[in-house]
Amino acid sequence: MAVVIIGGGGHASDVLSVFEAASVPVAGFQDDGEPDMRRFEGRAVHLGRIGSDCPASGFAWGIGWPQGRRTVLPLLGLPPISIVHPGATVHPNARIGRGTVIMAGAVVSAGAVIGDHVLIHHNAVIGHDCRMGDFVSVMPGAAVSGDTRLEEGCLIGANATVIQGVAVGAWSRLGAGSVATRNIPPGVTAVGAPAVELEKRPAGIR
């Protein structure tokens, strides 16, 4: 049976492209809103709200943000499906977790360990022996050097760089184009080259 993609935005359309390139059938996608069907015309149908019954054997993530994937996961009764674009390069001894999507042009090097429900976007590079937790997102063009550690739910922005041996804490964000030259603690946003933490806001201020 085919796969259902969870999410109905632009990222879901990108993930659908991975399945198309790999010639893996897709039953459609699920989204709680009113998706722009121009993205999916002739490619996939809207199969209702997230978690509703559908003719699929598993699901793939079309949600780009780590917190969104973690929030939605308990609603899903199908098993997660991992997919690697035929144009990606994954070393044979790299370990890829469940529900992970690796997009065109990405490179996953020898010894890398990738967690569950991870997104590795177009042209991102994951260095040797990197350890990556669940729900991580590595955005387009990012370079994660060898012997790094990306903890659960962190996000590495587009064209950002994580220097060899650096750890990025759980649920932190490294801004687009930034360079992490030292460890980033959990739950912060860091930007710049070298990356520094943004000033934390007082509790209750958004």
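A quick note: this is a predicted structure, and the numbers were derived from the prediction, not measured.
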- Is there a donor-acceptor pair under 3.5 Å between the side chain of D147 and the backbone N or O of Q164? no
Only residue of Q67, R69, H11 satisfying side-chain hydrogen bond (donor to acceptor under 3.5 Å, both in side chains) with S137 is R69
**Report entry** Donor-acceptor contact present, side-chain Q30 to main-chain V4, <3.5 Å
**Finding:** no
Residues A44 and G28: closest non-hydrogen pair is CB-CA, 4.2 Å
CZ of R98 to CG of D134, rounded to nearest 0.5 Å, is 8.0 Å
CG (D31) and CG (L47) are apart, to the nearest 0.5 Å, by 11.5 Å
dist L16:CG -> I5:CD1 (nearest 0.5 Å) comes out at 4.5 Å
Verify, without hydrogens or angle tests, whether E151 (side chain) and A167 (backbone) share a donor-acceptor contact under 3.5 angstrom. no
*Step by step, work out the side chain to side chain contact (heavy atoms under 4.5 Å, CB included) result for W61 and L73.*
CA-CA 10 Å; W61 287 115; L73 182 60; 3.9 Å; yes
Here the gap from T189 atom OG1 to L174 atom CG, rounded to the nearest 0.5 Å, amounts to 9.5 Å
Rounded to the nearest 0.5 angstrom, the CZ-CG distance for R39 and D14 is 9.5 Å
Residue set satisfying ring-ring contact (aromatic ring centres under 6.0 Å, His included) with F19, at least two apart, ordered chain then number -> none
| task | Look at the aromatic rings of H117 and F135 and report parallel, tilted or perpendicular, splitting at 30° and 60°. | result | parallel
Open item on the list: Evaluate M132 against V144 for side chain to side chain contact (heavy atoms under 4.5 Å, CB included), listing each step before the verdict.
Closed with: CA-CA 10 Å; M132 191 179 298; V144 178; 5.6 Å; no
*asked:* For the backbone of P185 and the side chain of S172, can you confirm whether one donor and one acceptor N or O come within less than 3.5 Å of each other?
replied: yes
Checklist entry - Where the side chain of R70 meets the backbone of P66, is there a donor-acceptor pair that is under 3.5 Å apart? => result no
- Is the side chain of T181 donor-acceptor paired with the backbone N or O of A195 at a distance under 3.5 Å, no angle test? no
ask   = Please walk me through it: do I102 and I114 pass side chain to side chain contact (heavy atoms under 4.5 Å, CB included)?
value = CA-CA 10 Å; I102 301 177; I114 311 301; 5.7 Å; no
